[in-house]
Participant: 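Have a look at this one.
Residue numbers begin at 1 in each chain, while the letters A, B, ... track the order of the sequences.
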Amino acid sequence: MLEREFFARATVDVARDLVGCVLEVDAGTSAHVSARVVEVEAYLGLGDPASHAYRGPTPRAAIMFGEPGHLYVYFSYGVHHCANLVTESRGTAGAVLLRAASVEAGEDTVRLRRGGAVPREALLRGPGNLCRGLGISLLDNGLDVCSGDARLSVSPPASRPRITVSRRVGITAAADRALRFAWDGHAAVSAPRPGREQARRLVGTKKGTG
DNA sequence: TGGACGATTGACT
DNA sequence: GTCAATCGTCCAT
């Protein structure tokens, strides 16, 4: 299991090192799921306009200013949840968004939660789908993944995968920063749909930003 | 207290 | 390629 020191580092370093790690959910129960992280994004806090912590420790973002190694879960678009791991030392905001993972064990449990006919590599692809497949909700917000008795923990990989760095997906602020880390060539990595970014930019002109 | 917006997704044309 | 769903959070009043 990863110790708290792993998370108490620069967010970018934690994000890069998380790719290839294994999420252990509900270990020791019939709902146990193992999933290998294949894609993450770094959110830097006060200096990062795309981060929820950009405006300081609001009630929602306060957890990102707290102890590293905790889970930050938020509800987005009224539809789904997104899960982050808090980084940096206490008092400094930072978090790593879990965007995609590959199911290693407990595939039946994940399929039950996802429903329908989903290809194996797509079961945990996309931040919303990842949370649904792993059963992560607002109830898990604040979970300490380093405590050893939470329903979620993270284990280091046997070997480091090759990683590609690119721009973050689905944001309008600081969109050019290369803070997305993905397992090079892995089938479970998510990708923005063709034309999606362009459409979003056109919508953005409504706000006079263009 | 009201209104705008969003770290997305699935469905439809 | 295009669009609607849906609600918590945050800022302005």
Side-chain angles (χ1 to χ4, degrees), chain A residues 7 11-12 14-16 18-19 23 37-66 70-88 93-101 110-111 113-119 121-142 164-182 188-210:
Chain A
F7 298 100
T11 305
V12 170
V14 177
R16 187 188 302 111
L18 270 175
V19 178
L23 304 171
V37 178
V38 301
E39 182 187 356
V40 301
E41 284 177 1
Y43 286 85
L44 306 184
L46 288 174
D48 181 1
S51 170
H52 290 167
Y54 180 59
R55 298 175 193 282
T58 61
R60 180 178 65 165
I63 187 169
M64 282 193 278
F65 290 81
H70 286 247
L71 200 62
Y72 166 48
V73 182
Y74 67 91
F75 193 49
S76 184
Y77 287 90
V79 180
H80 55 84
H81 303 278
C82 294
N84 302 250
L85 289 166
V86 176
T87 61
E88 308 276 355
V96 176
L97 170 71
L98 303 174
R99 283 195 63 86
V110 176
R111 285 195 180 280
R113 291 177 177 141
R114 292 281 274 113
V118 182
E121 67 272 16
L123 283 170
L124 300 177
R125 182 192 284 159
N129 292 331
L130 184 146
C131 283
R132 201 191 314 172
L134 297 182
I136 295 175
S137 71
L138 281 177
L139 294 174
D140 299 305
N141 190 31
T164 59
V165 183
S166 58
R167 293 188 292 184
R168 293 179 291 188
V169 177
I171 56 170
T172 54
D176 288 338
R177 302 178 75 164
L179 293 171
R180 172 171 171 260
F181 301 90
V189 171
S190 72
R193 286 179 243 184
R196 172 72 53 173
E197 272 191 44
Q198 200 173 10
R200 188 172 283 274
R201 207 168 293 139
L202 288 174
V203 170
T205 60
K206 222 170 39 180
K207 292 179 287 187
T209 56

Participant: State the CD1-CD distance between A:Ile171 and A:Glu41, to the nearest 0.5 angstrom.
Facilitator: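 If we round to the nearest 0.5 Å, A:Ile171:CD1 and A:Glu41:CD are 6.5 Å apart.
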
Participant: Could you summarise the pairing of DNA chain C as dot-bracket text, marking Watson-Crick and G-U pairs under 3.5 Å with ( ) or [ ] inside the strand and | across strands?
Facilitator: |||||.||||||.

Participant: Report the distance from atom NE2 of A:His81 to atom C1' of C:dC7, rounded to the nearest whole Å.
Facilitator: 11 Å

Participant: Separation of A:Leu179 atom CG from B:dA7 atom P, in whole Å?
Facilitator: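 Distance check: A:Leu179 CG to B:dA7 P gives 15 Å.
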
Participant: Please name all residues satisfying side chain to side chain contact (heavy atoms under 4.5 Å, CB included) with A:Val79, sequence neighbours left out, ordered by chain then number.
Facilitator: A:Tyr77

Participant: Which of residues 41-51 of chain A sit near DNA chain C, with a heavy atom under 4.0 Å from it?
Facilitator: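 None - not one residue of the stretch has a heavy atom sitting under 4.0 Å from the strand.
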
Participant: For the backbone of A:Leu130 and the side chain of A:Arg99, can you confirm whether one donor and one acceptor N or O come within less than 3.5 Å of each other?
Facilitator: no

Participant: Excluding sequence neighbours, so at least two apart, what forms side chain to side chain donor-acceptor pair (under 3.5 Å) with A:Arg132?
Facilitator: none

Participant: Please list, in numerical order, the residues of residues 122-141 of chain A that have a heavy atom closer than 4.0 Å to any atom of DNA chain C.
Facilitator: none

Participant: Can you give each donor-acceptor pair under 3.5 Å made by side-chain atoms of residues 49-64 of chain A, sequence neighbours left out, with the distance rounded to 0.1 Å?
Facilitator:
{"residue": "A:Ser51", "atom": "OG", "partner": "A:Ala53", "partner atom": "N", "Å": "3.0"}
{"residue": "A:His52", "atom": "ND1", "partner": "A:Tyr72", "partner atom": "OH", "Å": "2.7"}
{"residue": "A:Thr58", "atom": "OG1", "partner": "A:Ala61", "partner atom": "N", "Å": "3.3"}

Participant: Starting at atom OH of A:Tyr77, determine the distance to atom C1' of B:dG6, rounded to an integer number of angstrom.
Facilitator: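 The answer, rounded to whole Å, is 4 Å.
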
Participant: Checking A:His80 now: which residues fulfil ring-ring contact (aromatic ring centres under 6.0 Å, His included) with it, not counting sequence neighbours?
Facilitator: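 Checked A:His80 against ring-ring contact (aromatic ring centres under 6.0 Å, His included); zero matches.
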
Participant: Which value, in whole Å, describes the distance between the C1' atoms of nucleotides C:dT6 and B:dG3?
Facilitator: 15 Å

Participant: Name all residues meeting the salt bridge (charged side-chain N to carboxylate O under 4.0 Å, His left out) criterion together with A:Arg113; count only those two or more places apart in sequence or in a different chain, and write none if there are none.
Facilitator: A:Asp26

Participant: Starting from C1' on B:dG6, measure out to CD1 on A:Ile171 and report it in whole angstrom.
Facilitator: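 After rounding, the reported distance stands at 12 Å.
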
Participant: With sequence neighbours excluded, tell me which residues meet side chain to side chain contact (heavy atoms under 4.5 Å, CB included) with A:Ser166.
Facilitator: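 With neighbours one apart ignored, the set is A:Arg180.
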
Participant: Please write out each protein N/O paired with an N/O of nucleotides 10-13 of chain C under 3.5 Å, distance rounded to 0.1 Å.
Facilitator:
{"residue": "C:dC10", "atom": "OP1", "partner": "A:Thr58", "partner atom": "OG1", "Å": "2.3"}

Participant: With a 4.0 Å limit, can you tell me whether A:Arg114 has a side-chain N or O closer than that to the phosphate oxygens OP1/OP2 of B:dG10?
Facilitator: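 Answer is yes, contact under 4.0 Å.
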
Participant: CG of A:Leu23 to CG of A:Leu124: how many Å apart, nearest 0.5 Å?
Facilitator: 8.5 Å

Participant: Please give, in whole Å, the distance from B:dG6 C1' to A:Leu97 CG?
Facilitator: 13 Å

Participant: Please say which of A:Thr87, A:Val96, A:Asp48 ends up in a side-chain contact (heavy atoms from CB on, under 4.5 Å) with A:Tyr43.
Facilitator: A:Asp48

Participant: Centroid distance below 5.5 Å plus an interplanar angle below 30 degrees: do A:Tyr74 and B:dA7 meet both conditions?
Facilitator: no

Participant: Partners of A:Ala178 by side chain to side chain contact (heavy atoms under 4.5 Å, CB included), sequence neighbours excluded?
Facilitator: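 In terms of side chain to side chain contact (heavy atoms under 4.5 Å, CB included), with neighbours along the sequence ignored, A:Ala178 is linked to A:Val165.
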
Participant: Suppose we screen for side chain to side chain contact (heavy atoms under 4.5 Å, CB included). Which residues come up paired with A:Leu46, at least two apart in sequence or across chains?
Facilitator: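 In terms of side chain to side chain contact (heavy atoms under 4.5 Å, CB included), with neighbours along the sequence ignored, A:Leu46 is linked to A:Phe65.
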
Participant: Between A:Arg114 and A:Leu123, is there a donor-acceptor pair closer than 3.5 Å when you use the side chain of the first and the backbone of the second?
Facilitator: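 Pair found, side chain donor or acceptor close to backbone of A:Leu123.
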
